[in-house]
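Within every chain, numbering begins at 1; the chains are lettered A, B, ... in the order of the sequence lines, protein sequences first and strands thereafter. Just so it is clear, the values below take in all heavy atoms, side chains as well, and ignore hydrogens, waters and symmetry mates.
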Protein chains: 2
Amino acid sequence: MSTMQDVANKAGVSKATVSRVLSGKGYVSQETKDQVFKAIEEAGYRPNLLARNLATSKSMCIGLVVTNTLYNGNYFSELISQAAKKLDANGRQLILVDGKHSAEEEREAIQFLHDLRCDGIIIYPRFLSVDEMDDIIDKYNKPVMVVNRKLRKHQSHCIYCDHKGSGLQSTRALIERGHRNIAFITGSMDSPTAIERLSGYKEALSAAGLPVNDALIIPGKWTPASGAAAVEALLAGGQTFSAILASNDDMAIGAMKKLNEAGIAVPADVSVIGFDNIPTAPFLIPALSSVKDPVSDMVSEVISQIISMLDGGYLSDQNKFVSELILRESVTSGPYLKPR
Amino acid sequence: MSTMQDVANKAGVSKATVSRVLSGKGYVSQETKDQVFKAIEEAGYRPNLLARNLATSKSMCIGLVVTNTLYNGNYFSELISQAAKKLDANGRQLILVDGKHSAEEEREAIQFLHDLRCDGIIIYPRFLSVDEMDDIIDKYNKPVMVVNRKLRKHQSHCIYCDHKGSGLQSTRALIERGHRNIAFITGSMDSPTAIERLSGYKEALSAAGLPVNDALIIPGKWTPASGAAAVEALLAGGQTFSAILASNDDMAIGAMKKLNEAGIAVPADVSVIGFDNIPTAPFLIPALSSVKDPVSDMVSEVISQIISMLDGGYLSDQNKFVSELILRESVTSGPYLKPR
DNA sequence: TTGTAGGCGTTATCAT
DNA sequence: ATGATAACGCCTACAA
């Protein structure tokens, strides 16, 4: 690997001059510029980014910590592609690090990014508490932004979506359309998102003066299989319900399948709403309504803010995103269903 | 940020000693070790990986170039999560770089990884020609592996899946089950994968003495919408067909939807096979057969080989993967269908 | 406009 | 067992 010194020798100038030519800063005569470029060409010279970053203590890289359990399908790919695209448009690179399966490992991932001297860090947390993240933001001297969580202290360093509100909104939509017995399939309950969606559901019921029936709340694990199992449990329990609110589309899909197998029509007999609005779902199940989780918007905003911080700008406080309920035929009122 | 020198001062030793303690190489008395650790703790010291990498010219990072058009759903997320997991198990990090929309940009992505002094590079190419990749492998002095393409020169630096073979295999399966008029929905024809799958289809027909009917070959673009459009074109053209082979599952899903809308039953009237075997598809369409693309296996193998090279090992030549045809009810022979 | 020299934070090779 | 000291390759005042 040829270095800057090699180029300098070949061009008959000093390292500093080569550096100037490359960075475009400082004055350099056109003549020497040409010589230098020629030498660069001849030497097949390529700058060593490690050395440059060390010297400047900048890396033009933004780290993203995502925890493994999220590495799933459309949601994840949209998150990543959005981040990569947006950063790239700013001449920066994305470094993706896996937060794996625990708070400790999420901490390590952040530490790694820190040790790598990333210009900024985006955390899409799974196990880390908001308080700890507030601490991390305090300690770290470069921009850190948290996605999908509302922080207590550093309110402008996070961006989130009102999951409780969307649980409330979608439940309310079902109620308004005449549903009284609405089953709810939860996500993994170690996830704040799952908890918030459930609480929105409960609150909407209470607000409408409807009872919260625990037998209609079935634990799921975000997967299609767990959605199917939930419906199976519902049917086995002989529950009466005319609608199902599943905490994500994958589970809604699993639920749909079980309903079909049981000869229960959607939406004629029962209505289903999911969350996330994955693109292929409505293609297959026109009847599936969904609450669109605004991942791309959130990621996009987070990156804008990091870049703004790096450029010495201020952070906005507009950090709460709302998700949009996309109603399809599904929510038309079905008959109260007592499965056979 | 405190440096090694700070720690050394605090502990009353030299930088070199601190370095020894940290790396575990060389002798250092237990006593000084303790002092150093204490000093590290007090100073909140964290090693600067940039400096370390510069000094060692190693980065413990492996770069992965994936082109944007692949940033899609399950296939992509499986690719990434597999890579991240496997590398992590070897104490290394994944750096994901976007190859964007052209050969030039793919080149730049590789260059970037090179300049970053990654220990190795994995290329999942889209626009780069195999010849150019052979050149790149020649020039680069660290491990480079290419996924999903068969190279001419560096046969052991690539790993690929026999897409033609799987097109052949799935077409043959349909023929064996009595289908004579098999429609084919292509992928984007600028993709070698799409071309190979199509050629497998044609070859299987010819081998069985069946005519290749161009009117049954409809161009698609990998998306569900294009799959739906393809079926629409098929129906509009009044074509007779009892089976559809779609070049991926997303298009198969779109095709299924159109068939349903047209009142054509799957598999009773027509059989459908897709490619990739995305996990939610069979959940939605039990009748959808699919050819499983062995992404995870390929990525896993590629990483093993890179790690082996880094450790001075040899490369295996077992670099051809076969995909598995997963038959569901779909391929039972349907009646020759002349759409109304 | 160009060159010199010191620094970025490590590692690694010598001595001691 | 420990300490100087020279790399690693680049940037950046400061001088010339």
Side-chain angles (χ1 to χ4, degrees), chain A residues 1-40 43-61 111-119 141-142, chain B residues 1-40 43-61 111-119 141-142:
Chain A
M1 279 282 67
S2 59
T3 75
M4 219 157 144
Q5 185 64 64
D6 299 332
V7 174
N9 294 150
K10 236 190 248 295
V13 297
S14 75
K15 281 197 299 178
T17 302
V18 177
S19 178
R20 281 187 203 103
V21 173
L22 251 41
S23 68
K25 300 182 185 228
Y27 302 92
V28 168
S29 76
Q30 188 57 48
E31 197 181 5
T32 44
K33 254 185 201 164
D34 293 341
Q35 288 172 334
V36 169
F37 278 129
K38 185 160 153 261
I40 287 179
Y45 168 78
R46 286 262 91 209
N48 183 328
L49 261 32
L50 290 178
R52 174 182 298 172
N53 292 345
L54 177 60
T56 57
S57 49
K58 268 182 203 158
S59 70
M60 298 307 271
C61 283
Q111 193 64 262
F112 173 77
L113 258 12
H114 173 222
D115 296 349
L116 250 191
R117 300 299 186 265
C118 276
D119 292 345
N141 52 347
K142 285 182 183 165
Chain B
M1 278 281 68
S2 60
T3 75
M4 219 155 149
Q5 185 64 64
D6 299 333
V7 173
N9 293 149
K10 238 191 245 299
V13 297
S14 74
K15 281 196 300 178
T17 301
V18 177
S19 178
R20 280 186 204 103
V21 173
L22 251 42
S23 68
K25 299 182 186 228
Y27 302 91
V28 59
S29 77
Q30 188 58 48
E31 195 181 6
T32 42
K33 253 184 203 167
D34 293 341
Q35 288 171 334
V36 169
F37 279 128
K38 187 162 152 261
I40 287 178
Y45 168 78
R46 285 264 91 208
N48 182 327
L49 295 186
L50 290 178
R52 174 180 296 171
N53 293 344
L54 177 60
T56 57
S57 48
K58 267 182 202 156
S59 70
M60 298 307 272
C61 283
Q111 193 64 262
F112 173 77
L113 258 10
H114 173 222
D115 296 348
L116 248 192
R117 300 299 186 265
C118 276
D119 292 345
N141 52 348
K142 285 184 182 164

Worksheet item: Shortest non-hydrogen contact from B/Val36 to B/Ala11?
Response: CA-CB, 4.0 Å

Item to complete: Search all heavy atoms of B/Lys33 against all heavy atoms of B/Val28 and return the closest pair with its distance.
Response: CE-CG1, 3.4 Å

Closest nucleotide among [options] to the [X] side chain:
X: A/Arg52; options: C/dT10, D/dG3, D/dC10; result: D/dC10
X: A/Ala55; options: D/dA4, C/dT4, C/dG7; result: C/dG7
X: A/Met4; options: C/dG3, D/dC10, C/dT10; result: D/dC10

Worksheet item: In Å, rounded to the nearest 0.5 Å, how long is the span from CZ of B/Arg117 to NZ of B/Lys142?
Response: 7.0 Å

In this structure, how many angstroms lie between the [atom2] atom of [N] and the [atom1] atom of [X], rounded?
X: A/Glu31; N: C/dT2; atom1: CD; atom2: C1'; result: 13 Å
X: A/Leu116; N: C/dC8; atom1: CG; atom2: C1'; result: 16 Å
X: B/Asp115; N: D/dG9; atom1: CG; atom2: C1'; result: 13 Å
X: B/Asn48; N: C/dT10; atom1: CG; atom2: C1'; result: 8 Å
X: B/Asn53; N: C/dT10; atom1: CG; atom2: C1'; result: 10 Å
X: A/Leu49; N: D/dC8; atom1: CG; atom2: C1'; result: 15 Å
X: A/Leu54; N: C/dG7; atom1: CG; atom2: C1'; result: 9 Å

Taking the side chain as C-beta and beyond, is there a heavy-atom pair between [X] and [Y] under 4.5 Å?
X: A/Asp6; Y: A/Tyr45; value: no
X: B/Val21; Y: B/Thr32; value: no
X: B/Lys38; Y: B/Asp34; value: no
X: A/Ser19; Y: A/Met4; value: yes

Discussion item. Just to be sure I understand the rule, does A/Thr32 reach a base, reach only the sugar-phosphate, or reach nothing, if contact means heavy atoms closer than 4.0 Å?
Written reply: sugar-phosphate

Item to complete: Give a yes/no on whether any side-chain N or O of B/Thr17 is located under 4.0 angstrom from OP1 or OP2 of D/dT2.
Response: no

Fill in: side-chain N/O B/Ser14 vs D/dG3 OP1/OP2, d < 4.0 Å
yes

Item to complete: Can you sort out which residues in residues 18-30 of chain A have a heavy atom within less than 4.0 Å of DNA chain D? Ascending by number, please.
Response: A/Ser19, A/Arg20

Item to complete: Between B/Arg117 and B/Val13, name the one whose nearest nucleotide on DNA chain D is closer to the 5' end.
Response: B/Val13

